[in-house]
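Index from 1, following the sequence.
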Amino acid sequence: MAESTITAKGQTTVPAEVRELVHAVPGTRLVWTVTPDGTIVVRAKTKSILDLAGVLKAPKGKHVTVEQMNAWR
């Protein structure tokens, strides 16, 4: 288990072994979540929504225009 201390300014250092495990580099964002029982979960935000570009294939079949979808207007 890794451990760190919070400074008087509310800062802490992510231990080196944790940074290595999550491939964190300077600028890596951390997402902090506090659960109802007080547990704190910290995730390294290493992926971007842009990483998903091209993952889904276009559906086959009839294409519908925006105008056809908004026929009620």
Using residues 33-44 as the side-chain source, report each donor-acceptor pair under 3.5 Å to any protein atom, sequence neighbours left out, with the distance given to one decimal.
unit_1	atom_1	unit_2	atom_2	d
Thr35	OG1	Asp37	OD1	2.5
Thr35	OG1	Thr39	N	3.2
Thr35	OG1	Thr39	O	3.2
Asp37	OD1	Thr39	N	3.0
Asp37	OD1	Thr39	OG1	2.8
Asp37	OD2	Thr39	OG1	3.3

Show me the donor-acceptor pairs within less than 3.5 Å that the side chains of residues 52-67 make with the rest of the protein, sequence neighbours left out.
unit_1	atom_1	unit_2	atom_2	d
Thr65	OG1	Gln68	N	3.1
Thr65	OG1	Gln68	OE1	3.4

- Task: List for me each residue that meets side-chain hydrogen bond (donor to acceptor under 3.5 Å, both in side chains) alongside Thr13, sequence neighbours excluded, and say none if there are none.
- Result: none

- Query: Among all residues two or more places apart in sequence or in another chain, which pass the side-chain hydrogen bond (donor to acceptor under 3.5 Å, both in side chains) test with Thr5?
  - Reply: none

Review item, side-chain donor-acceptor pairs of residues 16-28, under 3.5 Å, at least two apart:
unit_1	atom_1	unit_2	atom_2	d
Arg19	NH1	Val14	O	2.3
Thr28	OG1	Val25	N	2.9
Thr28	OG1	Val25	O	2.8

